[in-house]
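To start, the structure under review is shown below, and the notes come after it.
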Amino acid sequence: MRHKKTLLAFLLSTMACEGLTAGKIQDSLNVETPNPFGHTFMLSIGPSFITSPVYDMSTHLEHRWKAGMQFDARYTYIFRGGLGVGCLYSHSYTRYNSDHIKMSFIGPEVVYAARMGQQWKFYVTMAVGGEQVNSNMETRWRADLHESVIAEYQLSRHLAVGLNWSMMRVVLNHEKNERYDGDGISRMGLQASLNYHF
């Protein structure tokens, strides 16, 4: 009788342990893997080049690949599948002797992101919005398409650094402009960025 009670207690304890282990396994299967992207805020700064010819009215010279500076602020949210949405603000400044060209863009964007290993992430973005083009001669608002390719290296859970390549083309009018090549301005930039994930 004593051995039967001991055997019964052993069987009950074994069944309880097996039930607890099965419950833990089931709970672990039900836990969702974290989103590797989520929310990101990016600040970037670096050189920017107006690649289309620009005619300097003060010196009567035509400039190509005129260098300036560009600053971008971007917010993105990426879903688990890699597609996401965001908002971009971009500002550039290029000086031409006594004149200048300032370009300010703001608009929503569509983002695709991919991950390579634990630390590398890559983004391709396309934003459509409004661009203000300002110079000593005029100020105009026009629709613009802004595209970027971003490579990012994760430093910690929240911080990362990146390298951003961007390009845009803004149409100023439908007739040939005496200052700009064709009907608008083309610009390309390469910036270093500091990114915060949350």
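Just so it is clear, the model here is predicted, and its values are computed rather than measured. Start at 1 with the first residue, then count along the sequence.
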Should Val161 and Phe122 be regarded as members of a common hydrophobic cluster, given that ILVMFWY residues are connected when their side-chain heavy atoms come within less than 4.5 Å of each other, either directly or indirectly? yes

Using the rule side-chain hydrogen bond (donor to acceptor under 3.5 Å, both in side chains), only one of Ser90, Ser48, Ser193 pairs with Asp72; which is it? Ser90

Atom OH in Tyr112, atom OG1 in Thr125: separation rounded to 0.5 Å? 14.5 Å

To the nearest 0.5 Å, tell me how far Phe49 CZ sits from Met69 CE. 10.0 Å

Does a side-chain heavy-atom distance below 4.5 Å link Val133 with Trp141? no

Kindly determine whether Asn134 and His100 satisfy side-chain contact (heavy atoms from CB on, under 4.5 Å), including the steps that lead there. CA-CA 8 Å; Asn134 176 271; His100 69 271; 3.1 Å; yes

Going by atom types alone, do Ser44 and Gln191 pair a side-chain donor with an acceptor below 3.5 Å? no

Would you indicate whether the side-chain heavy atoms of Arg169 and Ser52 approach each other to under 4.5 Å? yes

For the atom pair CE (Met103) and CD1 (Ile50), what is the distance rounded to the nearest 0.5 Å? 6.0 Å

Min side-chain heavy-atom separation Gln154-Lys121 under 4.5 Å: yes

Drop me the distance from Tyr89's OH to Ser104's OG, to the nearest 0.5 angstrom. 4.0 Å

Please tell me whether Gln70 and Ser166 have a donor and an acceptor in their side chains that are separated by less than 3.5 angstrom. yes

For a 4.5 angstrom cut-off between non-hydrogen side-chain atoms, does Met126 reach Leu145? yes

According to a 4.5 Å side-chain heavy-atom criterion applied to Ile, Leu, Val, Met, Phe, Trp and Tyr, with indirect links allowed, do Leu194 and Leu155 form part of one hydrophobic cluster? yes

Atom OH of Tyr153: over 12 foreign heavy atoms under 6.0 Å: no

Would you call Phe37 and Arg115 a side-chain contact if the rule is heavy atoms closer than 4.5 Å? yes

Ring center gap for His39 and Phe198 short of 6.0 angstrom: yes

Any side-chain heavy atom of Glu131 within less than 4.5 Å of one from Met168? yes

With a 4.5 Å cut-off on side-chain heavy atoms, are Val124 and Val111 touching? no

Parallel, tilted or perpendicular: ring planes of Phe79 versus Tyr77, cut at 30 and 60 degrees: perpendicular

What distance do Glu109 atom CD and Glu147 atom CD have between them, rounded to the nearest 0.5 Å? 11.0 Å

pair His146-Leu88: side-chain heavy atoms closer than 4.5 Å: yes

Asn195 and Glu152: side-chain donor and acceptor closer than 3.5 Å? yes

Side chains of Ser148 and Asn164, donor plus acceptor under 3.5 Å: no

Check the side chains of Thr51 and Arg187 for a donor-acceptor pair under 3.5 angstrom, ignoring hydrogens and angles. no

Supply the atom-to-atom distance Leu190 CG to Trp165 CH2, rounded to the nearest 0.5 angstrom. 10.0 Å

